[in-house]
Protein chains: 2
Amino acid sequence: MTPANTARAQKTRKRTRIQNANEAKILDAGLEVFSTFGLRGATVDQIAAIAGMTKPNLLYYFRRKDDIYLAVLQRILDTWLQPLEAMRADGDPAAEIAAYIDRKLEMSRDNPKASRLFAIEIMQGAPVLAGVLTGRLKQLVDAKAAVIRRWIAAGKLAPVDPYHLIFMIWATTQHYADFEVQIRAMLGDRFDRPDHFETAKRTLEQVFLAGLKAR
Amino acid sequence: MTPANTARAQKTRKRTRIQNANEAKILDAGLEVFSTFGLRGATVDQIAAIAGMTKPNLLYYFRRKDDIYLAVLQRILDTWLQPLEAMRADGDPAAEIAAYIDRKLEMSRDNPKASRLFAIEIMQGAPVLAGVLTGRLKQLVDAKAAVIRRWIAAGKLAPVDPYHLIFMIWATTQHYADFEVQIRAMLGDRFDRPDHFETAKRTLEQVFLAGLKAR
DNA sequence: AGATTTCCTGACCAATTGGTCAAGAGAAAG
DNA sequence: CTTTCTCTTGACCAATTGGTCAGGAAATCT
């Protein structure tokens, strides 16, 4: 993302401090609102209110609602892909998978809004991210699926379909962010106890690692 | 749901054929739209268009948008809870869990819109279903968690946290409905092959059953 | 058949929404 | 200190949205 693509499309002038501060506020507010209501359900007024500025002022930095949405998605895209990218072919399979689960779970805990934003975007048919899904993400998943397949061929992992295994890990880890309200309702008091996250981690690792152990 | 709570709150008059037909059309259209855009993102005009009637005509049957949303949710609530309810304490643990996975997976395949509607409702903070979550659903989950705990105590299942196990099953099975666009993008051509569903089922059962085998 | 009730529609309305604009206030550069 | 640029705002606008209403068209009942 070049610096020149926001704020009145100024011709690569120096970015001011105010600009940086306000754009950051807007992106934070945008994440907050879009991750709850999606692109269509969110209103510019609401984002402006949360960002603590008037609507025309917000629109001075991002001319259309879609621009905010896009910028929010772009800002968190790398973070989103990072855990899978970090899975190394030359590591120990069980350890790598455990580490991947941990990282994704931590992302769910530390950045649940980002997780929900991607979830809503994809559930709405990925109007903006469609290209990323079939492009960058697919390439990444294909590469990691190949890694898993090699681990299986080397007898270090039970033979499972690598794509569906990746889906399982995505699903189980993101679930804690996307369905937080439900988890909270099910766990009651236990949800706020600090060990709740550790219990989730232990359960996931246990089932996945035992389930994937080569026989 | 009593018959008298729609269509102009008529005093328990007989429901006409037209009424049944049109309300069904509206609920179908409502599911279609709400499952994609959520309560706020959906518009009455759009629902009316998909239902094949004018907006005032639709509003003759459901006076407000929220009424449609509520009715759609209520109509599919039982279906949604059914798979978990069907898990029997006196069956073989492995077989019961496998059957639960199968049923949920089939629901994802046969009724993905219902799955996405619940997902969006919960991600938006469950404004309508909050009561169901903390009431009926929690009771059901508590009961089934107790069943799983007894299976573990009897040495028939590896010791895992039953709540997180249920979350895992929910997450992995619903994932195929909620993130269908992403799955499709990752699997490419393979997605439309008829065995795709069987591969998913086999992978899930394999990981869960091996992961839960008592040691 | 006529009477009654249900169903449907075009016209309408107020509120909200995304977005514009002219002009003033504030920073910053000279 | 003045000029230039950035930032902010109130007023405004057209389109969309949720919802109403009076009256006509169809069913249904007797």
Side-chain angles (χ1 to χ4, degrees), chain A residues 3-27 29-30 32-34 36-72 124 127-128, chain B residues 3-27 29-30 32-34 36-72 124 127-128:
Chain A
N5 64 358
T6 53
R8 293 262 154 204
Q10 49 179 225
K11 290 159 190 170
T12 328
R13 274 249 172 59
K14 220 184 337 188
R15 292 175 61 80
T16 68
R17 263 170 294 147
I18 297 179
Q19 213 171 100
N20 285 326
N22 280 346
E23 282 180 16
K25 269 196 265 178
I26 293 169
L27 292 181
E32 174 82 30
V33 177
F34 286 129
T36 315
F37 299 107
L39 176 53
R40 271 180 55 163
T43 74
V44 177
D45 297 80
Q46 198 186 356
I47 297 171
I50 293 179
M53 57 182 82
T54 61
K55 183 167 63 166
N57 195 13
L58 180 149
L59 289 167
Y60 169 77
Y61 293 98
F62 295 90
R63 296 181 74 127
R64 6 213 92 243
K65 183 164 85 161
D66 300 44
D67 294 345
I68 315 172
Y69 188 69
L70 192 64
V72 171
Q124 303 196 348
V128 171
Chain B
N5 62 358
T6 52
R8 294 267 154 201
Q10 49 179 226
K11 291 159 189 172
T12 329
R13 273 250 173 58
K14 218 181 346 187
R15 292 175 61 81
T16 67
R17 263 170 295 148
I18 296 178
Q19 213 170 100
N20 286 325
N22 280 346
E23 282 181 15
K25 268 195 267 179
I26 293 169
L27 293 181
E32 174 83 30
V33 177
F34 287 129
T36 316
F37 299 106
L39 176 53
R40 271 179 57 163
T43 74
V44 177
D45 297 79
Q46 197 186 357
I47 298 172
I50 293 178
M53 57 182 82
T54 61
K55 183 167 63 166
N57 195 14
L58 178 149
L59 289 168
Y60 169 78
Y61 293 98
F62 295 89
R63 295 180 75 124
R64 8 212 92 245
K65 183 165 84 162
D66 300 44
D67 294 345
I68 314 172
Y69 188 69
L70 191 65
V72 171
Q124 304 195 347
V128 171

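Residue numbering restarts at 1 for every chain, and letters A, B, ... go by the order of the sequence lines. Quantities reported herein were computed from a predicted structural model and do not represent experimental measurements.
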Output one line per pair: protein atom, nucleotide atom from nucleotides 26-28 of chain D, and distance, for all N/O pairs under 3.5 Å.
residue, atom, partner, partner atom, Å
dT28(D), OP1, R17(B), NH2, 3.4

How far does [atom1] of [X] sit from [atom2] of [Y], to the nearest 0.5 angstrom?
| X | Y | atom1 | atom2 | answer |
| --- | --- | --- | --- | --- |
| K55(A) | D45(A) | NZ | CG | 4.0 Å |
| F62(A) | L27(A) | CZ | CG | 4.5 Å |
| I26(B) | L59(B) | CD1 | CG | 8.5 Å |
| E23(A) | L58(A) | CD | CG | 10.0 Å |
| R40(B) | R40(A) | CZ | CZ | 12.5 Å |
| K65(B) | L39(B) | NZ | CG | 5.5 Å |

Grab the [atom1]-[atom2] distance between [X] and [N] for me, whole Å please.
| X | N | atom1 | atom2 | value |
| --- | --- | --- | --- | --- |
| D67(A) | dG18(C) | CG | P | 13 Å |
| Y61(A) | dG18(C) | OH | P | 20 Å |
| R40(A) | dG18(D) | CZ | P | 9 Å |
| E23(A) | dT6(D) | CD | C1' | 13 Å |
| I68(A) | dG18(C) | CD1 | C1' | 10 Å |
| L59(A) | dC13(D) | CG | C1' | 14 Å |
| R64(A) | dT17(C) | CZ | P | 18 Å |
| Y60(A) | dG24(C) | OH | C1' | 14 Å |

Counting only side-chain N and O atoms of [X], is one of them less than 4.0 Å from OP1 or OP2 of [N]?
| X | N | result |
| --- | --- | --- |
| Q19(B) | dC7(C) | yes |
| T54(A) | dT9(D) | yes |
| R15(A) | dC7(D) | no |
| N22(A) | dT8(D) | yes |

Taking the side chain of [X] as its heavy atoms from C-beta onward, which of [options] lies nearest to it?
| X | options | value |
| --- | --- | --- |
| T43(A) | dT9(D), dT17(C), dT20(C) | dT17(C) |
| N57(B) | dT20(D), dC8(C), dT9(D) | dC8(C) |
| D45(A) | dT17(C), dC7(D), dG10(C) | dT17(C) |

With no angle test and no hydrogens, is the base of dG18(C) tied to the side chain of K55(A) by a donor-acceptor pair under 3.5 Å?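 Checked by distance alone, the answer is yes.
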Closest heavy-atom pair and its distance - Q124(B), F37(B): NE2-O, 4.5 Å
Heavy atoms under 4.0 Å, any strand shown: does A42(A) hit a base, just sugar-phosphate, or nothing? sugar-phosphate
